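Report on one structure; see the data block that follows.
Remember, predicted model here, so these are calculated numbers, not experimental data.
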Amino acid sequence: MGHTSKKEAVLIFYGKRKEEDIEVIMVDTEIYSCIDQSCIGWMRKDFVADDLLCPMCGNEMMHEIRELPKI
């Protein structure tokens, strides 16, 4: 007879809080966004590269303030 292999189920659990347990705090955040209106690229000031070029299209980026979730 043929060889049969036994497959084991692997259980993976993800800790997920109920939505009411999660408090999202929004703060005014300095960002740099792409100057090209057709590009949606932007970065928080803390993560922007020294050359201030858009990582998506390579154009220059300009300074803005957006209300974003606190990290």
Quick check on Ile35: does its CD1 atom have over 12 non-hydrogen neighbours (other residues, nucleotides or ligands) under 6.0 Å away? yes
Side-chain heavy atoms of Pro55 within contact of Met43, under 4.5 Å: yes
Indicate the atoms forming the closest heavy-atom contact of Met56 with Cys39, along with that distance. CB-SG, 4.1 Å
Cys54 and Gly41 have their tightest heavy-atom pair at SG-CA, 4.1 Å
Any pair with a residue in residues 28-71 that passes ring-ring contact (aromatic ring centres under 6.0 Å, His included), sequence neighbours left out, goes on the list, sorted by first then second residue, please. Tyr32-His63
Interatomic spacing from CG in Asn59 to CG in Leu53 - rounded to 0.5 Å: 8.5 Å
Residue pairs meeting salt bridge (Lys or Arg N to Asp or Glu O under 4.0 Å), one or both in residues 36-62, sequence neighbours left out, come to Glu30-Lys45
Going by the salt bridge (Lys or Arg N to Asp or Glu O under 4.0 Å) test, which pairs reach into residues 62-71, not counting sequence neighbours? Glu64-Arg66
Please give the remaining members of the hydrophobic cluster of Val27, linking ILVMFWY side chains under 4.5 Å, ordered by chain and number. Ile25
